[in-house]
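Take a look at the structure set out below.
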Amino acid sequence: MVERWAAGAYARLRRLPELSSPKATKTRRIKAFRRLRSDADVASESRTRRLMQYNDARRRYLAGEAIMAISRATGLSPTTVRKFAYADTFPERAVRATPTSIIDPYLPLLRSRLANGCENGLQLWRECRDLGYGGSAGQIHRWLQDHRTAPSKHAPHRTDDTAPPAPRTQNPVSIPSPKQLAWLIVKAPETRSIEEANAILQISQDRDAAILIRIVRRFVDLVRRVGTKAHDAGPVFDDWLLGAKRCGLRPVETFAAGLQHDGDAVRAALETSWSSAQVEGQVNKLKLLKRSMYGRGNLELLRRRLILAP
């Protein structure tokens, strides 16, 4: 449920203003080196194709078509259709965190020299090498390509960029993907790393995100304390259910409605130590046996062995 909501709100979350982080370092790049022109073309075509699929799925969903009907008509998986249907804006792909680079310790020098007008890649490489840089000049040249004020006079074919620019978001800072955000929200706050805690603070600037996090944390805490405070689980669950149904977030309200439909079973799971997992496990094993290598003649024998097995 949380992942479904995050996928729909992801474009909005990426536009939130960046928060200052105690772990942030000024010597890290905020994006990767420029990709090859062919890679950029493939990425642009892929985004255009996904945008068309999103517009089609969204139009069908708003017209009243069911998720499975849209899936059959478009050839997209139900999961993708559901993600597109619930997203108010086109869900851009998550920006991957920029990996560390050998030139990161020398970025202050490079930026300082660039500000002073030096745009000679070999000269910058020599100065970094004198300070201990052990990489190639190509790394410096690739960094310089994104920071030149004019095409290089010595190698124009290296810096002339006629490929269409990749679409940019208003906030270039990366945030975790919807699936990663879902796990971070469910994860116990005391076990989050500094980067994970900063990600939660980042998205908490959004009003709906703050509501979702509060509701999810209450539910997770309720489930995790089963067996320690079982006597008050039922009333606490009823109070949580009432708030979730009125929160104004559609995925949460749908999730709460499903729990209310199975309310007796949910309360029993929260208030007692009994579980049906053993029975469900045996049933699942029998289903797997039907698709196994054994024939129909041995199925009854295997069933008896399964039941008698410890």
Test item: Arg267 and Asp238 side chains (from C-beta on) under 4.5 Å apart, heavy atoms: yes

CG (Leu122) and CD (Glu127) are apart, to the nearest 0.5 Å, by 11.5 Å

Same apolar cluster (I L V M F W Y, side chains within < 4.5 Å links), Leu76/Leu51: yes

Please check if Trp183 and Trp5 belong to a single hydrophobic cluster, counting links between Ile, Leu, Val, Met, Phe, Trp and Tyr side chain heavy atoms closer than 4.5 Å. no

Hydrophobic cluster membership, with links at side-chain heavy-atom distances under 4.5 Å among I/L/V/M/F/W/Y: are Leu242 and Ile211 in one? no

Is there a chain of hydrophobic side chains (I, L, V, M, F, W, Y, each step under 4.5 Å between heavy atoms) that links Val81 to Met68? no

Validation row: Leu181, Leu13 side chains within 4.5 angstrom (heavy atoms): yes

Donor-acceptor contact present, side-chain Thr254 to main-chain Arg250, <3.5 Å: yes

Within the distance-only criterion (no hydrogens, no angle test), does the side chain of Gln260 pair as donor or acceptor with the backbone N or O of Leu241 below 3.5 angstrom? no

Are Phe237 and Leu259 packed together at the side-chain level, in the sense that at least one heavy-atom pair is separated by less than 4.5 angstrom? yes

So how far is it from Glu3 CD to Arg82 CZ, rounded to the nearest 0.5 Å? 11.0 Å

Restricting to non-hydrogen atoms, name the atom on Pro251 and the atom on Arg4 that form the minimum distance, rounded to 0.1 Å. CB-CD, 4.5 Å

Sub-3.5 Å donor-acceptor pair from the side chain of Trp125 to the main-chain atoms of Gly135, do we have one? yes

Between Phe219 and Phe255, does the ring centre distance come in under 6.0 Å? yes

Thinking salt bridges, do Arg217 and Asp221 make one under a 4.0 Å N-O criterion? yes

Shortest non-hydrogen separation from Pro78 to Ile67 and the atoms involved: O-CG2, 3.9 Å

Smallest heavy-atom separation, Leu16 atom then Gln205 atom, equals CB-NE2, 3.9 Å

Across all chains, not counting sequence neighbours, the salt bridge (Lys or Arg N to Asp or Glu O under 4.0 Å) partners of Arg12 are Asp206, Asp208

Starting at CD of Gln180, measure out to CD1 of Ile185 and round the result to the nearest 0.5 Å. 12.0 Å

Within-4.5 Å side-chain heavy-atom neighbours: Met1 and Val216: yes

Under 4.5 Å between any side-chain heavy atoms of Leu124 and Asn120, yes or no? no

Can you tell me if Tyr106 uses its side chain to pair, donor with acceptor, with the backbone of Ile140 under 3.5 Å? no

Heavy atoms only: give me the nearest Ile102-Gly134 pair and the separation to one decimal. CD1-C, 4.2 Å

Hey, could you give me the SG/CD1 distance between Cys247 and Ile215, rounded to the nearest 0.5 Å? 4.0 Å

How far apart are the closest heavy atoms of Ala87 and Tyr54, and which atoms are they? O-OH, 2.9 Å

Does Thr74 form a side chain to side chain contact (heavy atoms under 4.5 Å, CB included) with Gln53? I'd like the steps, not just the answer. CA-CA 8 Å; Thr74 60; Gln53 293 171 341; over 6 Å; no

Tell me, please, which residues at least two apart from Arg60 pass salt bridge (Lys or Arg N to Asp or Glu O under 4.0 Å). Asp56, Glu65

Decide yes or no for Arg129 and Arg126: does some side-chain heavy atom of the first lie under 4.5 Å from some side-chain heavy atom of the second? yes

Roughly how far apart are Tyr86 OH and Arg58 CZ, rounded to 0.5 Å? 10.5 Å

Any non-hydrogen side-chain atom of Ile203 less than 4.5 Å from a side-chain atom of Leu184? no

Other residues, nucleotides, ligands: >12 heavy atoms within 6.0 Å of Asn116 CG: yes

Tell me, which pairs form a salt bridge (charged side-chain N to carboxylate O under 4.0 Å, His left out) where one or both residues lie in residues 179-192, sequence neighbours left out? Lys187-Glu196

Counting only N and O atoms by type, is there a donor-acceptor contact under 3.5 Å from the side chain of Asp239 to the main-chain atoms of Pro235? no

State the CG-CG distance between Leu110 and Asp104, to the nearest 0.5 angstrom. 10.0 Å

Ala57 versus Phe84, closest heavy-atom pair with distance: CB-CB, 4.0 Å

With a 3.5 Å cut-off and no angle check, do the side chains of Arg142 and Gln139 form a donor-acceptor pair? yes

Ile103 versus Cys128: any side-chain heavy-atom pair under 4.5 Å? no

For residues Ile200 and Val186: do they belong to one hydrophobic cluster (side chain heavy atoms under 4.5 Å, members Ile, Leu, Val, Met, Phe, Trp, Tyr)? yes

